[in-house]
2 protein chains.
Amino acid sequence: MTIKLTSKDDEKRAKIFKALSEVKRIEMIRYLVRHPEHKTCGEVGESLGMDKSNVSYHLKILYEAELIHIYRRGQNKYGQLREDTFNAFLPGFLDSL
Amino acid sequence: MTIKLTSKDDEKRAKIFKALSEVKRIEMIRYLVRHPEHKTCGEVGESLGMDKSNVSYHLKILYEAELIHIYRRGQNKYGQLREDTFNAFLPGFLDSL
DNA sequence: CTTGTAATTTGAAAGTTTTAAAACTATCTG
DNA sequence: CAGATAGTTTTAAAACTTTCAAATTACAAG
């Protein structure tokens with residue numbers, strides 16, 4: 001079941017595109033695609049050579065665009081792709097990465 | 001024949017996403033989808049209630065992301081979607097508008 | 001409760017984007 | 001050529017984004 005989008009969704013579309021308009025955030029998404037075992041924020045930052053506060057900043061933008069879920073387990077936080085959003089707004093995108 | 005993309009294309013992807021990260025530019029793309037008889041810059045601006053210099057500014061961003069072609073005929077300039085780019089980077093997107 | 005580790009928030013600096021008016025360039029028509 | 005119309009460039013202000021260090025919060029384990 002695919003959701004039908006209309007011009008009312010333009011704000012949402014724009015937000016998603018803005019979230020993906022930085023190479024670093026595309027790399028973060030790719031990292032999550034390639035590591036479905038759910039990596040912590042720290043691991044993401046380490047792998048991509050980013051400052052920890054900067055990782056938080058970018059993850060929040062992805063979260064606010066509903067491109068990822070974030071859940072805590074103990075001291076760590078994990079990012080998880082929201083395939084529902086990608087499928088609705090960018091079908092085929094995750095596979096193209 | 002679809003083109004295979006890699007992480008080397010992240011700059012290009014980011015540029016395309018940035019170009020589509022403004023509601024106005026999404027509306028411009030939709031306008032071009034719905035008016036394949038090739039509307040002038042002036043008509044686009046008129047329809048979307050934009051200042052002419054602002055139309056130029058936004059069309060240039062879409063052009064630089066290779067999302068549209070621009071050609072002149074007489075006094076007018078016309079925008080034309082680049083389906084090749086949409087198909088390569090955002091398959092299904094134009095149909096979702 | 002204290003210490004350590006993980007992540008977020010805050011705040012300042014630097015950089016980028018958007019807007020709109022004014023000046024400019026290109027083309028057409030008489 | 002002059003005047004009109006279509007679009008672009010320049011400029012400056014306002015708004016927004018990104019980065020990083022320092023302060024802060026959240027949780028775990030002793």
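Only heavy atoms go into these numbers, but all of them, side chains included; no hydrogens, no water, no symmetry mates.
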A:Gln75 or B:Ser21: which one's nearest nucleotide on DNA chain C is closer to the 5' end?
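That would be A:Gln75.
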
Do [X] and [Y] make a side-chain contact, defined as non-hydrogen atoms from C-beta onward lying under 4.5 Å apart?
X       : Y       : answer
B:Thr85 : B:Leu90 : no
A:Asp10 : B:Arg30 : yes
B:Lys12 : B:Glu66 : yes

Any Lys/Arg nitrogen of B:Lys39 or B:Glu37 sitting under 4.0 Å from an Asp/Glu carboxylate oxygen of the other?
yes

More than 12 non-hydrogen atoms from neighbouring residues, nucleotides or ligands closer than 6.0 Å to CD on A:Glu11, yes or no?
no

Between [X] and [N], is there a contact of a side-chain N or O with OP1 or OP2 at under 4.0 Å?
X       : N      : value
A:Lys18 : D:dT17 : yes
B:Arg73 : D:dA6  : no
A:Asn76 : C:dA6  : no
A:His58 : D:dT17 : no

The side chain of [X] lies closest to which of these nucleotides: [options]?
X       : options                : result
A:Asp51 : D:dT18, D:dC20, D:dC27 : D:dC20
A:Lys60 : C:dT5, C:dT18, C:dT9   : C:dT9
B:Tyr57 : C:dT18, C:dA22, D:dT19 : C:dT18
A:Ser53 : C:dT9, D:dT18, D:dA26  : C:dT9
B:Lys24 : D:dT19, C:dT19, D:dC27 : C:dT19
B:Lys52 : D:dT17, C:dT27, D:dT8  : D:dT8

Would you mind reading off the distance between [X] atom [atom1] and [N] atom [atom2], rounded to a whole angstrom?
X       : N      : atom1 : atom2 : answer
A:Phe17 : D:dC16 : CZ    : P     : 21 Å
B:Leu62 : C:dT18 : CG    : P     : 10 Å
A:Asn54 : D:dT18 : CG    : P     : 9 Å
B:Glu64 : C:dT16 : CD    : P     : 15 Å
B:Met50 : C:dA21 : CE    : P     : 14 Å
A:Glu22 : C:dT16 : CD    : C1'   : 10 Å
B:Glu43 : D:dG7  : CD    : P     : 8 Å
A:Met28 : D:dT19 : CE    : C1'   : 14 Å

Please confirm whether any donor atom in the side chain of A:Ser56 sits under 3.5 Å from an acceptor in the base of C:dA7, or the reverse.
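Under the 3.5 Å cut-off, the side chain and the base do not form any donor-acceptor pair.
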
Polar pair under 3.5 Å, donor/acceptor by atom type, side chain A:Lys77, base C:dA7
no

Between A:Arg72 and A:Ile61, which has a closest nucleotide on DNA chain D that is more 5'?
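By nearest-heavy-atom nucleotide position, the 5'-most residue is A:Ile61.
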
For a quick check of understanding: with a heavy-atom distance under 4.0 Å over all strands, which category does A:Leu59 fall into, base, sugar-phosphate or nothing?
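Touches nothing.
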
Derivation and outcome, ring pair (Phe, Tyr, Trp, His ring centres under 6.0 Å), residues B:His38 and B:Tyr71:
CA-CA 10 Å; B:His38 299 183; B:Tyr71 64 94; 5.6 Å; yes

